[in-house]
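Comments concern the structure below.
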Amino acid sequence: MRDLLKKTGNIEQLAFCRSVEYQDGAAKGLSAWQIRNGELCFSVAKDKCMDILELSYRGINLSFLAKNGLSSGNYTQESAFSNRSVMGGMLFTCGTDNVGPMDWKRQLPIHGSLRFTSARHRREQCYFDKDGMYHILVGGVMEPNGLFEGNIVLERTIETVYGSKKIWITDRFRNMGYNREPFLLLYHYNFSYPFLESCCQIEIDSSKTVLREQMEREAKDFLQVEEPLDGGVEQVFFHDACAGADGRVRVAVQNPKRKMGVQIVYEKQVLPKLVQWKSMVSGDYALGIEPANCLVFGRAYEEEHGTLCYLEGGEERIVNMELEVW
């Protein structure tokens with residue numbers, strides 16, 4: 001790395017972390033970090049659970065944005081019970097009070113309230129380690145804000161190292177309260193064009209796969225990516241993904257035409273379920289890879305089926321994930 005610096009005036013020619021604030025449209029007031037690690041570029045929303053807004057590699061976009069585009073935490077919260085709140089992005093975090101459709105009875109928004117929670121105690125670090133590797137790290141804490149509501153706090157760090165094509169995401173959830181609280185969690189990784197095309201190959205090692213609407217039968221066609229279809233409908237698949245000897249699940253998507261690929265790695269013990277969102281719909285063309293500890297029918301469904309996860313008072317749960325591009 002130090003030899004490369006001989007060819008630069010400033011390290012930001014190669015890698016940087018910059019704070020920005022968007023000025024107009026639905027994104028007005030949204031603050032974020034823009035991070036560049038060589039040919040890998042992504043942005044992290046300070047005001048939306050430190051989720052990853054956009055991701056590109058070698059100048060090619062990988063991530064999905066819904067019609068409303070980038071949107072602030074305030075915009076999302078104001079429309080929390082509508083699909084207008086679903087921005088997409090490379091990663092948005094669903095939970096911990098709900099995953100799936102809105103629950104009017106208990107005032108639970110679509111995919112929960114964590115995704116529009118602003119980070120506090122924010123930090124950013126750019127540094128060389130003892131081996132001369134250049135690290136970029138951002139962190140923050142998402143705290144709930146409601147009288148008599150749960151008190152599950154999320155501390156998140158996102159890190160990348162110059163020369164690698166990886167992003168490491170570490171989430172530490174703590175129940176800071178004194179009661180057992182529902183703990184639903186789903187990570188929505190969303191891919192779209194120009195990375196996502198009909199030539200793409202999806203790699204999921206699954207012992208069983210069912211379609212959301214036909215859970216009694218084995219599903220097909222979940223590995224195919226088709227051309228956009230006017231008037232098409234989304235498909236949602238549930239996988240029993242197989243972990244390797246290290247207990248981690250690896251899901252990959254490759255685009256052979258562009259000679260690019262991406263892989264998501266996570267621990268099955270912590271996230272035992274894998275949801276796949278396949279939207280081959282014109283104007284809403286996307287593929288979602290979604291490690292989770294629940295399905296996407298909402299909290300009431302998990303309660304009725306005895307599958308709802310909880311965090312006891314004082315209990316914590318750590319989630320480690322990797323996103324690698326090549």
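- Taking all atoms of both residues into account, the shortest heavy-atom contact from Pro109 to Gln107 is CD-O, 3.7 Å.
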Let me see the working for Glu21 and Ser31 under side chain to side chain donor-acceptor pair (under 3.5 Å), right down to the final yes or no.
-> CA-CA 4 Å; Glu21 183 174 307; Ser31 60; 5.6 Å; no
Just do the side chain to side chain donor-acceptor pair (under 3.5 Å) check on Glu54 and Ser63 with the steps written out, would you?
-> CA-CA 6 Å; Glu54 300 169 295; Ser63 49; 6.0 Å; no
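- Residue-environment remark: CE (Met176) stays at or below the threshold of 12 foreign heavy atoms within 6.0 Å.
- The neighbour count for Asp24 CG, taken as heavy atoms of other residues, nucleotides or ligands under 6.0 Å away, does not exceed 12.
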Would Tyr310 and Phe183 count as a ring pair (Phe, Tyr, Trp, His ring centres under 6.0 Å) if you check the C-alpha gap in whole Å, the side-chain angles of each, and the deciding distance to 0.1 Å?
-> CA-CA 5 Å; Tyr310 293 91; Phe183 180 63; 9.9 Å; no
Side chain to side chain contact (heavy atoms under 4.5 Å, CB included) assessment of Lys166 paired with Leu40 | CA-CA 9 Å; Lys166 289 186 179 182; Leu40 181 65; over 6 Å; no
Step by step, would you call His135 with Glu159 a side chain to side chain donor-acceptor pair (under 3.5 Å)?
-> CA-CA 7 Å; His135 294 245; Glu159 184 173 8; 2.7 Å; yes
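- Closest approach of Ile318 and Glu267 over heavy atoms only: O-OE1, 4.3 Å.
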Test Ser206 against Leu274 for side chain to side chain contact (heavy atoms under 4.5 Å, CB included), laying out the working first.
-> CA-CA 9 Å; Ser206 178; Leu274 177 63; over 6 Å; no
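- For the atom pair SG of Cys49 and CG of Asp171, the computed distance is 7.0 Å after rounding to the nearest 0.5 Å.
- Shortest non-hydrogen contact noted between Arg156 and Met50 is NH1-O, 3.3 Å.
- Exactly one residue among Arg317, Arg122, Arg174 makes a salt bridge (charged side-chain N to carboxylate O under 4.0 Å, His left out) with Glu155. That residue is Arg174.
- Residues Val275 and Phe238 have side chains in contact (heavy-atom distance under 4.5 Å, counting atoms from C-beta outward).
- Between Arg250 and Asp205, no side-chain nitrogen of the basic residue sits less than 4.0 Å from a carboxylate oxygen of the acidic one, so the salt-bridge criterion is not met.
- When the shell of 6.0 Å around CD of Glu213 is examined, it contains more than 12 heavy atoms from other residues, nucleotides or ligands.
- Put simply, the side chain of Ile264 does not reach to within 4.5 Å of the side chain of Met321, judged on heavy atoms.
- Here the CG atom belonging to Asn61 is positioned 7.0 Å from the OG atom belonging to Ser56, to the nearest 0.5 angstrom.
- Between Trp277 and Phe64, the angle of the ring planes goes over 60°, which puts this pair in the perpendicular group of the 30/60° scheme.
- We find that Arg106 and Asp103 are joined by a salt bridge, their nearest charged nitrogen and carboxylate oxygen being less than 4.0 Å apart.
- Side-chain N/O atoms of Thr307 and Glu302 include a donor and acceptor closer than 3.5 Å.
- A donor-acceptor pair under 3.5 Å is formed between the side chain of Lys278 and the backbone N or O of Asp221.
- Shown are Asp97, Leu114, Val153, Thr96; of these, the side chain to side chain contact (heavy atoms under 4.5 Å, CB included) with Pro144 is made only by Val153.
- Proximity of Tyr162 to Met133: side-chain heavy atoms (C-beta onward) are nowhere separated by under 4.5 Å.
- Side-chain contact between Phe237 and Ile204 is absent, with no heavy-atom pair separated by less than 4.5 Å.
- The heavy-atom pair separating Tyr285 from Ser198 by the smallest distance is OH-N, 3.9 Å.
- In this structure, CD1 on Ile167 lies 5.5 Å from CG on Leu323, to the nearest 0.5 angstrom.
- Other residues, nucleotides and ligands place no more than 12 heavy atoms under 6.0 Å from the OH atom of Tyr178.
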Please test Phe297 against His305 for ring pair (Phe, Tyr, Trp, His ring centres under 6.0 Å), starting from the C-alpha separation and ending with a verdict.
-> CA-CA 11 Å; Phe297 297 118; His305 289 77; 8.1 Å; no
